[in-house]
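To start, the structure under review is shown below, and the notes come after it.
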Amino acid sequence: MNEDKSNDIFIFPKWTWVLRPAVAIGAAGGLLYAAVVVTFGFSPWATDVGYAPVQPVPYSHALHVGQLGMDCRYCHSAVETTAHAAVPPTQTCMNCHSMIRAASEKLIPVRESYATGMPVEWVKVHDLPDYVYFNHSAHVRRGVGCVSCHGRIDTMEVVTQVEPLSMGWCLRCHREPERHLRPLEFVTQLDWVPGEDQLALGRRLREQNDINPPQDCSTCHR
Amino acid sequence: MSERTAPAAGEPGALYGYLVEFDKVDELLVGARAVRDAGYTRWDAHTPFVIHGLDAAMGVKKTVLPYLVFGAGLTGTVGGIALQWWTNAVDYPYLISGKPLFSLPANIPVAFETTILFAALTALVAMLALNGLPRLYHPLFTNRAFKRATDDRFFISIEAADPLFDRSATRELLESLSGRTVEVIEEA
Amino acid sequence: MSTSTAADLSYLDNTGTDPAVRARLVVGDNDFHSITEKVCGIVEQPRTPPAWWVLFAISSSLTLVLFAMIGYLVTTGIGVWGLQVPVSWGYAIVNFVFWVGIGHAGTLISAILFLLRQRWRTSINRFAEGMTIFAVVCAGIFPGIHIGRVWLAYWLFPIPNQMLMWPNFRSPLLWDVFAVGTYATVSLLFWYMGMIPDLASLRDRAKTRIRYYAYGLLSLGWRSSNRHWHRFEFAYLLLASLATPLVLSVHSVVSFDFAVSIMPGWHTTIFPPYFVAGAIFSGFAMVVTLIIPTRKIFGLEEIITARHLENMAKIMLATGMMVGLAYSTEFFIAWYSGNRYEAFTFLNRAFGPYAWAYWTMVTCNVVVPQIFWSRRLRNNPAVLWVASILINVGMWFERFVIVVSSLSRDYLPTSWGYYRPTIIDVLTFVGSFGLFFTLFLLFVRFLPIIGMAEVKGVMPQAHLDRPGHRGHGDYHGDIAASEVV
Amino acid sequence: MMSPATATELGIADGELVELEAGGRSVELPVCLLPGQARHSLAVALGYGRTAAGQVGNGVGVDVYPLRTLAAPHILRGVSVRGTGRSHALATTQDHFAIDTIGFAERNARAGTLVREATLDAYLADPHVIHAHDHHPPLISLWKDHEYEGEQWGMAVDLNTCIGCNACVVACQAENNIPVVGREQVLAQREMHWIRVDRYFRTDPGLTMGEVEDAAVVFQPMACVHCENAPCEQVCPVAATQHTRDGLNAMVYNRCVGTRYCSNNCPFKVRRFNFFNYHKELAETTMMQFNPEVTVRARGVMEKCTFCVQRIEAKRIAARNERRPLRDGEIVPACAQTCPTRAITFGDLNDEGSAVSRSREEPRSYATLAELNIRPRTHYLARLSNPADGGAPAHAEGHADDGAHGKESA
């Protein structure tokens, strides 16, 4: 009834044996792909590490902090008392630059701002999502150095984000603050290195100052 | 065996083996017993559906599949529990409704599902792997009569690679069992 | 093939009341080849029937409606639905539970009836499994789209991430993710695996190269080897043994979504068995709804026999009674518990603003199946078909009553509410039927809807002709019946 | 506003447009049925239906000045009321449902246990009178109770002083950037409040809705009560709502995927969902009004009372910076800050001397739905009344009649 009258008979070519290894390789490749995607989620490409926007004024932290030795708090004056470290007003710049390099072309936007009263539009480098509430004073006053989050600002011509600033990154420190604690007097000293084992120092400081960073959601998300 | 000349096994035109057709289930079973008793090892029966008693008639050994599936299921259970314990009680503990971080009752459903999932995937994949499938090309597919193996006919095939295979003796055996002419299967 | 005339259909009747006589599972003058011809013939029709095109046009248009509604929902917000506080779950969850319930019949027929050696399953299991897959596809859409931020649905899976966060394994919704995901996967495996030998049949009958390659690829080079059959059968048995607890677990886990909560009307221990019984009930109803027209259109009455329909009617009667028992148990417990919130919830179900839904449910699910006590009525395909549709309606309303009426009036009377679906809700639901029927029509057109290899295995010709041989295994019991023919 | 009994008499339905006619002038108004309105009297509000009030006020309501005369500036007699058969949807945040007989009866029966009251005489005779009808099985847990150390926030609401003015609702709205969703969304039962004033009517038992004439109103401010065994937390698949170590039931908007399961499982229904992006069409200047300390919620996420966690954190960090403990009363949530009668007290429950702890010691203190063993952190202080006739509180009676269903247990 179903005799095939034609002489042709369909068969798969012999090379189709590759299907089996191909399936196996495909399955392995799929797993690898998943692993790669997950790894990518942790990588600097997925976070903003390396972000270094061009600022309206070519302000050099390397010069001001690294060479001239200015303290962070001279400009970021609110860092010890409020949530925000504060970007300095133009007046702060003019404290010096009304005298020093008062005619520099690089400082035109600063002088314009000073004249018009409109602030310089600095670009925020270390920008957290709006649903994250970070308090500078809570960290600085417990002995977490600026360098822990911002890196060696004193060596940067252009400020660059060096840490992922991701939730996991925050959590690691909240779980093990001893890795980053330092004596309060060295908080703004970016090149400070502990004279002893950081962990030992950190544990001692943690004990002394009763530092137990909360890991509740509401610590950062409100 | 000695008369086998080029092409070598696997090459086009090489002899794969013999195929013989049966009309009825009981003829096939009788045939299968005879081939088994003759001591052949590299041979097979082809039927459109599972035939009860054919495994015994052919002397097919019991598959290891259940052990693989059991192992996979156990892996699923342990993996499922471990995943829940690690994620919710160790790696990131959080307080939920005043409940303990790890308690078996809440973790049973997921552990159960991972058990079934692992076991079921293994059942299919291992079945195919043990059967050497997928294998889209096979010398038997070059035979027109063999197409009815998925419809209403029953076949026995003996491979030329079988140590006992003999062009004339094997042919005689098969023809005596089925009363039909043996089909010669060659590689395409 | 059949010698009987159209007027004389009595040969098709294999229903009977004598339990000592086993029913013939394939009637008429069929042999192995005629089974292959009939089943493959549906797929091999050179021209697609116009009726198929009409149905396909309708169902695929509805599918487009579904996708359009989902698109609108995702771009606009959950507010396009009628949800509110207190009724935060509405059509989406009702439809989810409804479709998952329907998706139970396939695996139940395949797995449980296989383990119970109910050989009549062979004619309908492929069909029911296909239906299961499509129902689960429809079901899977709803929990996915019902969340407020669909694009973050991957947070429900335990994927390592830079937040270091893991999902909460204490939540019944997460159990649901695993249960439905596993069920969908295993059902698909089960369906596909059972289909491999039949796909090989289609391959071997292929008249064109494309068909050969397509079915050849799908059948993975199956060559009917008995050594392969041996492992195949074992794998099938294992899958059946795994799928049996799975099928019972899925709706149990779905019921946990409700039972684990503290809402009156949800928080009850009878939910798992009650949901499973309801799922089987609705699943069989949907199989009957689909199979009666299908067997008629494709002339499969000799394979999907009157006896099969009768058996399904009996199962619906039994599970319908279980569901009815659950309804009354709920009322009894609500009264007996002395819990005022629980008591009010049930009073409110029966006599409150949603009483219309409640009594629709009771009528369709408890009253309608009672007609199956009558042998004449349950053996009348038209009556059975209409009853099965009513049961589908009733089972949808059951989920509606559970989800909506419980939520609308819970603890604080100031937060009571009345849920009304929007047109988007309704069109999404209708669209899901479009998707279901689109997949179903594609299945009917391109894949073997009856497990030929299994049907052949239960035919009398599949067994030794030796006189006096009585089988003891799975494929033997019919010999006595074959002698009756 | 019209009492239900009067409406039944006149054959007028809730929300029906009626024509009021007096002295040859008429206005058309929708009817709002409200128990407690005196028999055969109507109340209308002046000041609506304005034409030059800007975007917010134009065309809202109906101008009823045509009925007002110098002769009868406040009370108008002999008004004829005629139903038009047409109706108007009134957007209210209470009673979003068809008020059927069984619902009405149940609502009245429950009010007594939810909002507790006693007369002064009864209270003086037995200070624990408001607990007289607590009957539920012992509240035991399957698990060991969690130990809460350090500050544990809690709230107490004194129903005696609460006047139901809704100032807390508005304060909360302003503090927490809660969207104003508008009439359509309120009609769809999607009003956005983290705290609301629940209103119940105290009527004579046995009346159906259509017979109610005289009723007293009782109310209860209701916000998230921060259950220790919070039913919302366990059902969230992504752990977007969890307990903090200071006992808050934290809601993390940015983790929320919006399953809404928490809202379903909340017995108080205090969780609110962003069904749409309610902030999408706001002007930039309007957005500047938002409190920067509180996340503006996206579409598809759940939100609820946080006990003003931003205020808690601000004060706590400040205190820690100064290396001193927090003082009782230092942290004041917006609702408590605004309450004109100081009905809301907030503080540390672990501090025995705190105002909130002391108020919990009062015999009037009770927790709504405590029988669910959810351990609410907000407690209410029952309302005491001193009726002129010295009569028994309607509520004790209202509750007594269903007291038969349960047995007392410890």
Side-chain angles (χ1 to χ4, degrees), chain B residues 24-26 29 32 44-55 58 60 62-63 65-66 69 73 83-84 87-88 91-92 94 96-97 99 106-107 109-110 112-114 116-117 119-121 123-124 126-128 130-131 133-138 140-141 146-152 155, chain C residues 31-33 36 158 164-170 174-175 178-179 181-182 185-186 189 193 197 200-201 203-205 216-217 220-235 238-239 242-243 245-246 249 253 256 453-454 456-457 461-466 471 473-476:
Chain B
K24 287 216 164 74
V25 174
D26 37 3
L29 286 168
D44 210 336
H46 303 270
T47 61
F49 51 87
V50 184
I51 289 175
H52 187 85
L54 187 56
D55 287 346
M58 282 178 68
V60 177
K62 212 166 183 181
T63 170
L65 200 62
V69 171
L83 173 76
Q84 297 177 77
T87 55
N88 278 182
D91 190 42
Y92 197 144
Y94 38 68
I96 294 284
S97 299
K99 290 182 192 292
N107 295 331
V110 170
F112 171 80
E113 303 298 342
T114 49
I116 301 286
L117 185 65
L121 282 170
L124 178 68
M127 184 273 284
L128 292 175
L130 291 171
N131 284 347
L133 298 176
R135 181 175 178 179
L136 302 186
Y137 164 80
H138 193 277
L140 287 169
F141 291 144
F146 186 68
K147 286 189 175 299
R148 292 186 69 170
T150 56
D151 180 2
D152 59 345
F155 296 87
Chain C
D31 58 14
F32 297 141
H33 184 65
T36 316
L164 306 187
M165 279 291 288
W166 297 106
N168 173 20
F169 282 101
R170 281 154 278 193
L174 206 64
W175 307 344
F178 278 80
T182 302
T185 313
V186 174
L189 292 183
M193 193 181 119
S201 295
R203 172 199 64 198
D204 289 342
R205 293 163 54 92
L217 205 59
L220 305 178
W222 181 258
R223 54 181 189 273
S224 314
S225 152
N226 190 56
R227 293 177 197 278
H228 291 182
W229 273 120
H230 171 70
R231 298 191 188 95
F232 180 92
E233 212 195 355
F234 228 113
L238 289 167
L239 270 180
L242 292 167
L246 179 67
S249 81
V253 171
F256 289 162
E454 294 200 65
K456 288 171 192 170
Q461 296 93 319
H463 306 282
L464 288 177
D465 281 345
R466 265 185 293 148
D474 196 15
Y475 293 94
H476 275 253

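- Among B/Ser97, B/Ala123, B/Ala45, B/Ala32, the residue making the largest number of heavy-atom pairs under 4.5 Å with chain C is B/Ala45.
- Rounded to the nearest 0.5 Å, atoms CG (B/Leu133) and CZ (C/Phe232) are 10.5 Å apart.
- The shortest distance between side-chain heavy atoms of B/Leu83 and C/Pro158 falls below 4.5 Å.
- Between C/Ser224 and B/Thr150 there is a side-chain heavy-atom pair separated by less than 4.5 Å.
- Within the 4.5 Å cutoff, side-chain heavy atoms of C/Met193 are placed close to those of B/Met127.
- Listed here is the closest heavy atom pair of B/Phe141 and C/Gly221: CZ-O, 3.8 Å.
- Using a 4.5 Å cut-off between heavy atoms, B/Leu128 touches chain C through its side chain atoms alone.
- Here the CG-CZ distance, from B/Leu136 to C/Arg223, works out to 11.0 Å after rounding to the nearest 0.5 Å.
- None of C/Leu246, C/Leu242, C/Thr185 except one satisfies the side chain to side chain contact (heavy atoms under 4.5 Å, CB included) rule with B/Leu117; the exception is C/Thr185.
- With chain B as partner, the option from C/Leu174, C/Thr36, C/Leu238, C/Thr182 having the largest number of non-hydrogen pairs under 4.5 angstrom is C/Thr182.
- At a threshold of 4.5 Å between non-hydrogen side-chain atoms, the residues B/Asn88 and C/Arg170 count as touching.
- C/Trp166 places no side-chain N or O within donor-acceptor distance of the main-chain N or O of B/Tyr92, the cut-off being under 3.5 Å.
- Side chain of C/Trp175 to main chain of B/Asn107: no donor-acceptor pair is present (N/O by atom type, distance under 3.5 Å, no hydrogens or angles).
- Atoms NE2 and CZ, on B/His46 and C/Arg227 in that order, are 9.5 Å from each other to the nearest 0.5 Å.
- A ring-centre distance under 6.0 Å is not found for C/Phe178 and B/Phe112.
- For C/His33 (side chain) and B/Asp152 (main-chain N/O), no donor-acceptor pair under 3.5 Å exists by modelled atom type.
- With a 4.5 Å cut-off on non-hydrogen atoms, C/Pro245 touches chain B through its backbone and its side chain both.
- Counting heavy atoms from C-beta on, the side chains of B/Phe49 and C/Glu454 never come closer than 4.5 Å.
- With a 4.5 Å cut-off on non-hydrogen atoms, B/Pro109 touches chain C through its side chain but not through its backbone.
- Here the CG-OG distance, from B/Asn131 to C/Ser225, works out to 7.0 Å after rounding to the nearest 0.5 Å.
- Your options are B/Ile51, B/Thr114, B/Leu121, and the one with the most heavy-atom pairs under 4.5 Å with chain C is B/Leu121.
- Atom CG of C/Leu189 sits about 5.5 Å away from atom CG of B/Leu124, to the nearest 0.5 Å.
- A donor atom on one side chain and an acceptor atom on the other are found under 3.5 Å apart for C/Asn226 and B/Asp55.
- In this structure a side-chain-to-backbone donor-acceptor pair under 3.5 Å is missing from C/Lys456 to B/Val50.
- For the atom pair B/Thr63 OG1 and C/His228 NE2, the distance stands at 11.0 Å (nearest 0.5 Å).
- For the pair B/Tyr94 and C/Asn168, the minimum side-chain heavy-atom distance is below 4.5 Å.
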